[in-house]
Amino acid sequence: MFEWINGHNLFIADSGESSLPPVVFLHGFPFSHEMWSGQIDLLRGRFRTVAFDFQGHGRSDIGDGQYTIEGHVDDLLAVLDRRALDRPVLAGLSMGGYVALRALERHHDRFRAAVLCDTRSEADSNEARVRRHVQMTMVKTAGAAEFADTFLKAIFAPSSFPRHPDAVAFIRNIITHTPPLGIAGTLLALAGRTDTTGALASIRIPTLILVGEEDMITPPAASRSMQERIAGSELHVIPGAAHMSNLENPERFNALLKEFLERVGR
Ligand code: MLT
């Protein structure tokens, strides 16, 4: 369904009875809520799941191409308020994790637990910012399909191309349907995001950290650093996966997610 939130239309997938414990899923860049389809199916009947497309992605409005992680947090909080969700579990992958970490920094009391997947608390380095600029130029001149072909090699493990061709095609299809303006605008938002490392010590809710063993974008070392700072957090490194751990090793990812949610999410 579409909802008018903070001056733009967002596409929101809200499934399950309102009496069930809620889990909110935040997608990575430049994907859509559909990247969580496997996990939404997994939790059907046990949890209410809410997943939405960030502005500039999926079926949500593109707007003027000017976004910030701060604005995505505002949208997340408005989506929660609209539903009066009682302390949901907050799960985010990569950019979804950046949004989750900033939301926790602003309002850690609003969430029951957190699942941080293939993400990091540090802001971009200067080198990363320069790389974002190159990617922005590329997507604006060559288009989303060419951007997708390069980006897929960075986010999937080499072995995932022959082992999970459907997952690769699925993500490629989402990226190629994302307007270049949405991709370029989000690259600027990623480059400009704040560093949430200083706030990790104030996270006092159960936290599960998952990362693909071969993740090059947000490597296991970044997850270890978060785990050291978040008291009581659990870290699992997922074999046979790079940055898209929920799609590259869904069996292991789903088993860890389900066990955690059954334990702390209800
Ligand atoms: C993502 O998957 O959200 C992005 O790769 C994050 C990033 O580039 O920092």
Side-chain angles (χ1 to χ4, degrees), residues 24-36 39 51-58 60 67-73 75-76 90-103 114-139 144 147-157 160 167-168 170-178 180 182-197 209-212 214-223 225-226 238 241-249 253:
V24 177
F25 285 105
L26 305 175
H27 66 79
F29 158 85
F31 318 130
S32 73
H33 78 279
E34 290 184 358
M35 65 156 284
W36 291 115
Q39 286 67 45
F52 64 97
D53 294 341
F54 288 124
Q55 218 197 343
H57 293 77
S60 289
Y67 322 115
T68 57
I69 296 301
E70 211 61 27
H72 292 328
V73 174
D75 288 352
L76 163 67
L90 186 59
L93 183 137
S94 199
M95 176 177 73
Y98 307 156
V99 174
L101 285 164
R102 179 64 187 133
V115 185
L116 303 171
C117 318
D118 299 280
T119 194
R120 69 190 321 157
S121 59
E122 298 89 6
D124 271 10
S125 63
N126 284 347
E127 291 75 12
R129 289 188 173 127
V130 172
R131 254 195 324 274
R132 306 268 191 213
H133 165 76
V134 173
Q135 289 176 311
M136 283 173 74
T137 309
M138 196 261 236
V139 76
F147 176 84
D149 289 334
T150 311
F151 197 65
L152 289 172
K153 293 190 194 107
I155 58 176
F156 281 99
S160 292
V168 176
F170 172 64
I171 289 295
R172 186 177 192 283
N173 187 49
I174 295 178
I175 299 176
T176 55
H177 283 88
T178 308
I183 296 179
T186 306
L187 283 162
L188 207 49
L190 292 169
R193 73 185 191 277
T194 57
D195 191 311
T196 51
T197 308
I209 302 171
L210 301 176
V211 63
E214 298 169 57
D215 190 340
M216 292 181 303
I217 296 188
T218 49
S223 286
S225 154
M226 289 194 293
I238 300 189
H243 193 57
M244 304 304 295
S245 56
N246 70 318
L247 294 166
E248 296 180 273
N249 190 343
F253 185 99

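Atoms within a ligand are numbered from 1 in the order they appear, just like the ligands themselves.
- In the vicinity of M95, heavy-atom distances shorter than 4.0 Å reach the ligand 1 atoms 1 (C), 3 (O).
- For the pair S60 (side chain) and D53 (backbone), a donor-acceptor distance under 3.5 Å is present.
- Within the structure, ligand 1 has R132 among the residues with a heavy atom less than 4.0 angstrom away.
- When only non-hydrogen protein atoms are considered, atom 9 (O) of ligand 1 lies nearest to Y98 OH, 2.6 Å.
- No donor-acceptor pair under 3.5 Å is formed between the side chain of Q135 and the backbone N or O of L187.
- Screening F54, F29, Y98 for a ring pair (Phe, Tyr, Trp, His ring centres under 6.0 Å) with H72, the sole residue that qualifies is F54.
- Considering backbone and side-chain N/O atoms, S94 comes within less than 3.5 Å of an N/O atom of ligand 1.
- Although no hydrogens or angles enter the test, the distance criterion places a donor-acceptor pair under 3.5 Å between the side chain of R193 and the main chain of E122.
- Distances below 4.0 Å separate heavy atoms of G28 from the following atoms of ligand 1: 3 (O).
- Remark: the backbone N or O of I217 is paired with a side-chain donor or acceptor of R120 at under 3.5 angstrom.
- Inspection of the Q55 and D75 side chains reveals no N or O donor paired with an N or O acceptor under 3.5 Å.
- Under 4.0 Å from ligand 1, not a single heavy atom of F54 appears.
- The atoms of ligand 1 that sit less than 4.0 Å from any heavy atom of F151 are 5 (O).
- For ligand 1, none of its N or O atoms has an N or O atom of F31 under 3.5 Å away.
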